[in-house]
**Q** 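Sending over a structure as structure tokens; questions will come in a sec.
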Amino acid sequence: MQIIHPKPFPSFQLLGLLVLLLLLPRLSPAQRRFELADISRVVNVGDPQLSPDGKSILVVVSRPNLSTNRNEAEVVLMDVASGRQRVLVAGRPTVKQPRWAPTGDRVAFLARTGTGKEAHTQLFVQNLASGEVRQLTTAVENVQLYSWSPAGTALAYSAADAPANAAEVARGNDSFEVGNGSVTATAPPAPDHIWLVSATDGQPARRLTSGPLSLPDDSSAPFAWAPDGRTLACVLRPSAQTGDQETAVYTLDVATGALRELPGSPHRVDLPAYSPDGKWLSYQTPREPPFFESLEFDVVPAAGGPARHLCRALDRNLQRALWSPDSKSLFVGGNDGPTVSIWQQGLDGKSRKLKLGPVSPNGSYWVEMSVGRRNAIAVTANEPGRPAELYYLASPTAAPRRLTDFNHETAALALGRMEAVEWQSDQLRPDGILTYPPDFDPAKKYSLVLMMHGGPSNASRAAFYGLGQAVAAHGYVVFQPNYRGSDNLGYAFQRAIRDDAGAGPGRDVLAGIAELERRGWVDTSRIALSGASYGGFMTAWLMGESRRWRCAVAAASVVDLLDSYNLSDNNIANAGHYGPSPWLSAANLEHYRVQSPLSRATRWRTPTLILHNVGDFRVPISNSYKMYHALKDNGVPVRFVAFPIAAHVPGDPVRSAEWNRLWLDWLDQYLAPNAPGR
């Protein structure tokens, strides 16, 4: 299968004009190497919001606090012209989602109130002139998302319903009916609904939607106002069950609560948004439903009509779209080769890529950007030698200007040089990222550590990666291959994983290793595998190859696709990758079995560290128990460490630090100069 490229590249050639060889300054005697502990010193900068007048930008700045085990946040107001900063929302370490009122005189935000079981996320508004903060909501469950009305007089927000049988549950009558949800569920999921609250008069919030229809719980923007303030566009699915992922676009009359499905709405859709002139509605939808890879943005007349596949010519998996102020184009973004790119896509079909240079916008399955009323753009972004900062583009044709320096201490350390590489595999040309030790010498031999991304619809990028830098600082070359199924090289490359979950991607990774070995500096007896989620799947799959790997780290790993289909939160949606339900026929069941790494378990001989969270809703821990016993029973060195939390991977500072420590210590145990066999 061919993928689209302007022309073929020689093996491992730098990627032309796409930020190919990314160099960091040479190590000076005064510099020290990046250490594992430095990950906890990285400041996270995200969620930029341009003010209505374009003169200021709000940004959320959070810092890990190991003593409180919390990522403590604050909202910083940045003056674009002078660079002056002031903390706008202080003393609320859970603050998030700051949003300007359309009038520019107030800022809304979410923050947690109360303690223990009574703690909930609520909606607040701060007056910029007086500094006064008012709490607008007293929701019985967490406020999830919200949006100002165009006039700035009210806010629509989403929150789950309280359990209808709370009194019965309190006395122990807590059984519930199971549907297409995660095996980790301990109660029926409650639908997420839309409410309306006044920004001025203190009146109680008014419910706008009710019943079994639910906003998707994994959407970053499931509803949006029409410019006239009378209508909201929203995406709803038939139930709150996480596996019921068929959604449609509805219009919601704010005055009456009347819902109407948009004529011709696709049934796998997200991120609805009206154009500023109110004539168009954009939304995100897969190129080929019901498969969920290759997301693109369509536009339809706001009243309904034929959809236009506006972004198809870009041939990228697009994660975000924002309207231009003149309603003539969309700013869309997604993974693109070794970086994240943003394009201005016109309604006339013409597009141009913004010239971001080495700046790679932040966002996991999202692109953190804001477009102002005068066409200025704010992004929070990484560079290879610098963690996230705030950048500003005065126009779509301007170069990005860095406005903040929160991570100057990290940027001053001796970091590993990063290089984007390509190679041939079957009829495809995968790519990937190398991170070298700071004092790399191509005349010497180095251990190679594979660090494979999850998804599989995701990609490794030439951007700052703390754990990768810590591994490289220990003297190992880090290789992050983007195997087929990755979303940075176009539709054909992404869909090539369909019904071929392991073998095809495995050949891509092996071909990349072989090409690197031809460079001469790889110690072929010292190659380690590692990855989390689908990266753990690839780790387990490659452990079944005939070559000897020195060690492996398998984190939150999928090893049995039947468990993914039956037990994970997006259970039946997995059929888009692995084939129709395994319970429809013996052939389907066998198809799932042979695509699972577990089918190769009798070949596993690699010393393996297994990491998993007990309450992992995405990849049930049953996968890791199977992996553990398959290794242990065959006498293979294995260590299985579990974290008693309900998360796919740890997000808190303490557990994240321990996760990373265990990962790197395992590599050192087998790869360090004094490790066995050196």
Side-chain angles (χ1 to χ4, degrees), residues 22 24-25 27 31-48 59-76 78 85 87 93-96 339-340 358-368 379-391 400 402-418 433 435-438 449 451 453-454 458 460-474 476 478 480 530 532 555 647 649-665:
L22 299 161
L24 297 172
L27 182 61
Q31 287 179 300
R32 70 166 178 85
R33 293 189 179 209
F34 187 88
E35 299 172 356
L36 199 61
D38 290 314
I39 297 176
S40 297
R41 301 184 182 102
V42 172
V43 180
N44 183 63
V45 184
D47 202 5
V59 68
V60 178
V61 179
S62 65
R63 297 171 174 86
N65 186 329
L66 291 169
S67 63
T68 62
N69 194 26
R70 186 168 58 190
N71 293 300
E72 299 187 339
E74 57 189 16
V75 176
V76 174
M78 168 68 66
Q85 301 176 19
V87 177
T94 60
V95 66
K96 60 182 178 179
T339 190
V340 174
V359 172
S360 185
N362 286 0
S364 179
Y365 304 103
W366 190 244
V367 179
E368 293 194 347
V379 297
T380 52
N382 279 256
E383 296 185 48
R386 181 181 293 274
E389 300 287 358
L390 175 64
Y391 295 80
R402 181 166 57 82
L403 299 183
T404 63
D405 196 22
F406 292 109
N407 283 298
H408 61 276
E409 291 182 358
T410 300
L413 298 176
L415 299 174
R417 175 172 63 88
M418 304 184 79
I433 305 298
T435 303
Y436 295 99
V449 176
M451 303 185 75
H453 69 75
N458 201 346
S460 294
R461 303 178 290 268
F464 181 85
Y465 173 35
L467 182 56
Q469 286 289 345
V471 172
H474 277 228
Y476 316 133
V478 174
Q480 298 173 264
S530 69
V649 295
D652 61 284
V654 171
R655 293 186 185 91
S656 296
E658 179 65 1
W659 181 283
N660 291 335
R661 184 194 68 79
L662 289 165
W663 193 310
L664 185 51
D665 281 358

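Reckoned from all heavy atoms, side chains included, excluding hydrogens, waters and symmetry mates.
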**Q** Given Pro387, which partner from the list Thr410, Asp38, Ile39 fulfils the side chain to side chain contact (heavy atoms under 4.5 Å, CB included) test?
**A**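 Checked Thr410, Asp38, Ile39 against Pro387; only one passes side chain to side chain contact (heavy atoms under 4.5 Å, CB included): Thr410.
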**Q** When you measure from the side chain of Arg33 to the backbone of Ala473, do you find a donor-acceptor pair of N or O atoms at a distance under 3.5 Å?
**A**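 At least one qualifying donor-acceptor pair exists.
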**Q** Backbone N or O of Glu389 within a donor-acceptor pair of the Asn407 side chain at under 3.5 Å?
**A**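 No, the answer is negative, given that no donor and acceptor are paired below the 3.5 Å cut-off.
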**Q** Roughly how far, to the nearest 0.5 Å, is CZ of Arg655 from CG of Leu662?
**A** 13.0 Å
**Q** Taking atom CG of Leu403 and atom CD of Gln85, what is their separation to the nearest 0.5 Å?
**A**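 Leu403 CG to Gln85 CD: 9.0 Å, rounded to 0.5 Å.
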**Q** Could you state the interatomic distance from OG (Ser67) to CD (Glu72), rounded to the nearest 0.5 Å?
**A**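 If I round to the nearest 0.5 Å, the distance is 7.0 Å.
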**Q** Can you tell me how far apart CZ (Arg386) and CZ (Arg402) are? Round to the nearest 0.5 Å.
**A** 3.5 Å
**Q** How long is the straight-line distance from CG of Leu390 back to CG of Asp405, given to the nearest 0.5 Å?
**A** 12.0 Å
**Q** If you look at every heavy atom in Leu36 and Ala470, which pair is closest and at what distance?
**A**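 Looking at all heavy atoms of both residues, the shortest contact is CD1-CB, 3.8 Å.
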**Q** Answer whether the closest heavy-atom distance between the side chains of Met78 and Val59 falls below 4.5 Å.
**A** no
**Q** Test your reading of the model: is there a side-chain donor-acceptor pair from Glu368 to the backbone of Ala381, 3.5 Å cut-off?
**A** no
**Q** Work out which heavy atom in Ser360 is nearest to a heavy atom in Ala463; give both atom names and the distance.
**A**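 Closest heavy-atom pair between Ser360 and Ala463: CB-CB, 4.3 Å.
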**Q** For Ala472 and Pro438, which heavy atoms make the closest approach, and how far apart are they?
**A**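 Shortest heavy-atom separation between Ala472 and Pro438 comes out as O-CD, 4.1 Å.
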**Q** I want to check something: taking the side chain as every heavy atom from C-beta on, are Ser40 and Leu66 in contact at a cut-off of under 4.5 Å?
**A**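 Answer yes - side chains close enough.
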**Q** Is Val43 close to Arg63 at the side-chain level, that is, under 4.5 Å between some pair of heavy atoms?
**A**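 They are in contact (side-chain heavy atoms under 4.5 Å apart), so the answer is yes.
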**Q** Taking all non-hydrogen atoms of both residues, which atom of Gln469 and which atom of Gly416 are closest, and how far apart?
**A**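 Closest heavy-atom pair between Gln469 and Gly416: OE1-N, 2.7 Å.
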**Q** Quick one: does Leu415's side chain get under 4.5 Å of Phe464's, heavy atoms only?
**A**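 In short, these two side chains touch, coming nearer than 4.5 Å.
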**Q** Kindly compute the distance separating NE2 (His408) from CG (Leu413), expressed to the nearest 0.5 Å.
**A**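 Between atom NE2 of His408 and atom CG of Leu413 there are 10.5 Å.
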**Q** Specify the closest pair of heavy atoms between Ala555 and Trp663, including all atoms of both residues, with the distance to one decimal.
**A**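 Here Ala555 and Trp663 meet closest at CB-CZ3, 3.9 Å.
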**Q** Do Arg461 and Ile433 come within less than 4.5 Å of each other through their side chains, counting heavy atoms only?
**A**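 No. Closest side-chain heavy atoms not under 4.5 Å.
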**Q** With the side chain counted from C-beta on, respond yes when Val60 and Val45 share a heavy-atom pair under 4.5 Å apart, and no when they do not.
**A**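 Side-chain contact under 4.5 Å: no.
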**Q** Compare all side-chain heavy atoms of Asp47 with those of Lys96 and state whether any distance is below 4.5 angstrom.
**A** no
**Q** Please determine which of Thr68, Asn71, Asn69 meets the side-chain hydrogen bond (donor to acceptor under 3.5 Å, both in side chains) test together with Asp652.
**A**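 Testing Asp652 for a side-chain hydrogen bond (donor to acceptor under 3.5 Å, both in side chains) against Thr68, Asn71, Asn69 leaves exactly one candidate, Asn69.
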**Q** In terms of heavy-atom contacts, does CD of Glu409 have more than 12 from other residues, nucleotides or ligands at under 6.0 Å?
**A** no
**Q** Taking all non-hydrogen atoms of both residues, which atom of Ala462 and which atom of Met418 are closest, and how far apart?
**A** CA-CE, 4.1 Å
**Q** Do the non-hydrogen side-chain atoms of Tyr465 and Thr435 ever get within less than 4.5 Å of each other?
**A** no
